[in-house]
Amino acid sequence: MNDLRDLYQEMILDHSKRPRNFGKLEGANHEASGYNPLCGDRFTVHIKVDDDIIREIRFEGSGCAISTASASLMTEGSKGKTLAEAETLFEKFHKLITGDAAEPQNAEALGKLLVFSGVKEFPVRVKCATLPWHTLKAALHDGHKVVSTE
Ligand code: ZN
């Protein structure tokens with residue numbers, strides 16, 4: 001179990017230091033900004049949606065290791081998904097990090113997002129981990145919007 005925890009921490013560190021899909025996105029047709037005043041995390045998510053599918057997704061901004069890694073893994077996890085699939089993934093992720101995600105069928109769907117399972121032990125970090133996802137949701141529902149965790 002400790003080995004697994006180390007592996008998870010390593011992956012979070014890796015994604016926070018070298019975030020994937022970081023930067024501007026040409027031709028984005030959905031975007032939103034999110035802010036977590038408790039920690040100072042601030043991100044903008046750019047998405048190109050076509051036929052209800054997330055074709056491209058990138059993000060900009062800065063935050064703590066947890067929020068940056070979450071944004072990075074969120075872009076990897078949601079790219080190529082339909083809007084409905086992305087929302088379902090967020091629901092499963094939210095359950096995982098708020099502690100009531102014991103259902104094993106969720107593990108497969110979550111994939112790499114399981115690295116955040118330890119976050120549930122640090123309630124103040126839950127907002128860091130969910131901020132990118134709230135921002136994604138806002139971007140998909142509205143064209144341009146700013147969301148806050150508070
Ligand atoms: Zn944070």
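Order of listing sets the numbers, starting from 1, for every ligand and every atom in it.
- Exactly one of Ser70, Ser62, Ser67 qualifies for a side-chain hydrogen bond (donor to acceptor under 3.5 Å, both in side chains) with Asp41. That residue is Ser67.
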Mind running salt bridge (Lys or Arg N to Asp or Glu O under 4.0 Å) on Lys81 and Glu87 for me, showing each step along the way? CA-CA 10 Å; Lys81 295 240 179 338; Glu87 291 217 15; over 6 Å; no

Given the rule in the side-chain hydrogen bond (donor to acceptor under 3.5 Å, both in side chains) test, do Thr44 and Ser33 qualify, once you have shown the distances and angles that lead to the verdict? CA-CA 4 Å; Thr44 301; Ser33 296; 2.9 Å; yes

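- The backbone N or O of Arg20 sits less than 3.5 Å from a side-chain atom of Ser72, completing a donor-acceptor pair.
- With a 6.0 Å radius and a threshold of 12 heavy atoms from other residues, nucleotides or ligands, Phe122 has its CZ atom at or below the threshold.
- For the Zn ion (ligand 1), the nearby protein N/O/S atoms, meaning those under 2.8 Å, are Cys39 SG, Asp41 OD1, Asp41 OD2, Cys64 SG, Cys128 SG.
- Taking every heavy atom of both residues into account, Ala139 and Ile47 meet most closely at CB-CD1, 3.7 Å.
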